[in-house]
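Numbers restart at 1 for each chain; the letters A, B, ... are given by sequence-line order, proteins then strands.
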There are 2 protein chains.
Amino acid sequence: MQSECAPTLKATVVRRLEDEIVSGLLTPGTRLDEVQLSERYGLSRTPLREALAQLAASGLVEIRPRSGAFVTQMSPRGMLECLSYAAEIEAIAASWAAARMTGAERADLVALQRDAACSVENGDSEAYFDLNRKFHEAIYAGAHNSYVQDAAHQLFLRGAPYRRLQLRQRGRIATSHAEHQTITDAILAEDGEAAARAIRAHITIQGDRFMEFLAALPDAFIGRDIR
Amino acid sequence: MQSECAPTLKATVVRRLEDEIVSGLLTPGTRLDEVQLSERYGLSRTPLREALAQLAASGLVEIRPRSGAFVTQMSPRGMLECLSYAAEIEAIAASWAAARMTGAERADLVALQRDAACSVENGDSEAYFDLNRKFHEAIYAGAHNSYVQDAAHQLFLRGAPYRRLQLRQRGRIATSHAEHQTITDAILAEDGEAAARAIRAHITIQGDRFMEFLAALPDAFIGRDIR
DNA sequence: AAAATTTTTATTGCATACAATCAAATGAAC
DNA sequence: GTTCATTTGATTGTATGCAATAAAAATTTT
């Protein structure tokens, strides 16, 4: 989205904060103190504030006026809204990818699946987490439409802090990999409809797992935002 | 997306710039000089820069590092990408609206259609432009999903500067209104599939008109970005 | 002792000021 | 006359400083 001729300090901070949020270093709900962060990254408050504003616009951070910035925390309801929307966006991306991916892109997708198979066998959830991201990003890129690509990318980022927990669940990695195979097959067969169905199910299953997770929680946590 | 307890100067500037871009006062491609704008709105560069960064994140403005901010100008190719994506987003919104709209929301939609009919008869394109926006926003809200609503809203804004031209074309208003009626009927019948098909066609037609418009231009303008 | 009110403190939001960098304009060489 | 180098100018990116506001703490009142 931004030309890379001169990586400004602001831009680098945006990336670093993004990384720290996605990687789970900064958990949802934590307050982002401007002075603390500016000292930590070795720059002044001005570019840091701009970085926070940009992250807020992308949804990863929430700025409450006169109160500060916080890593966005989704309510259970918000989470389900997000997942159902993400399922549709991914469906669009997969559908278009099936029709428009180049030969090289299809080969890359297959290669990613092969690498992922290894991390599944080794039970390396950290490696799979990364390959999972690359798999989905490959599909976004394969759609050959910058708007879906950006939207899907942003959505994936917003869900990342929670997805990490999901993939830690027993057997989830193997299931996920099998679902990816179904998606890959459909894309290789240039069957957009099937690809869309498969990836929609792939995302929806995460919502179901999330619901099951919620069911194990006390009722007080369900249905209202966690502050 | 932002609580309204204290409308900061930055927030108001974001809205004012949004309005001016959407209303066509600031045409795509124009450079947004920081000092000029800060003088014009009576504030300093700091909050204005934050406002520009926020608009850049939403896509209405493009910031070229060390070069300044410009109102985003879409290339012909980018416009088609945008429209094809928007068609799918609107389809999702319409489909969900058909299933989830409340009685009051359905009534509002019908009322909007009635008002629009008047502006069509009077040939008041300015009024129709506004009612068209309200019609689509009503559907976004009716989807009862903040993510689709936000995404569709942003996309609508980004297309606004160009849509204004579209609706000026002879007979386009009447056709548009008829298409809206088809969409409304499908939503009232709670037929999500039909609503999605109808609104997808409604958006796609704009793409076709745009292609026709391009065909009338010299070849030199087609296929490359206008700088 | 609990509640309400005042005071304090810390943090945000904004303004100003400086420095780094890029674009354009001017001038020199071929 | 054209091209390249140099300088100038303007504008962005960043740092610092101040004032307004909101949350927290302390004091007073019921």
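Salt bridge annotation for Glu88(A)-Arg200(A): present, with a cationic side-chain nitrogen under 4.0 angstrom from a carboxylate oxygen. By the 4.0 Å N-to-carboxylate-O rule, Asp130(B) lies close enough to Arg133(B) to be salt-bridged with it.
Nucleotide dT12(C) holds its C1' atom 12 Å from the CZ atom of Phe70(A), rounded to whole Å. Residue Leu9(B) contributes atom CG, which lies 8 Å from atom C1' of dC14(C) at whole-angstrom precision. When the P atom of dA23(C) is taken as reference, atom CZ of Arg64(B) falls 11 Å away, rounded to whole Å.
Seen from the ring of Phe129(A), Arg164(A) counts as a face-on cation partner, given the 6.0 Å and 45° thresholds.
Of the two residues near DNA chain D, Ala69(B) and Ser67(A), the one whose nearest nucleotide lies more 5' is Ala69(B).
Between Glu90(B) and Tyr140(B), the side chains place a donor N or O and an acceptor N or O closer than 3.5 Å (distance only, hydrogens not considered).
In this structure, the separation between CZ on Phe70(B) and CG on Leu52(B) is 11.5 Å, given to the nearest 0.5 Å.
DNA chain D is contacted by Glu34(B), Arg45(B), Arg49(B) of residues 33-53 of chain B, taking any non-hydrogen atom closer than 4.0 Å.
Ring centroid separation for the pair His180(A) and His136(A) comes in under the 6.0 Å cut-off.
Between Arg31(B) and dT12(D) there is a side-chain polar atom (N or O) within less than 4.0 angstrom of OP1 or OP2.
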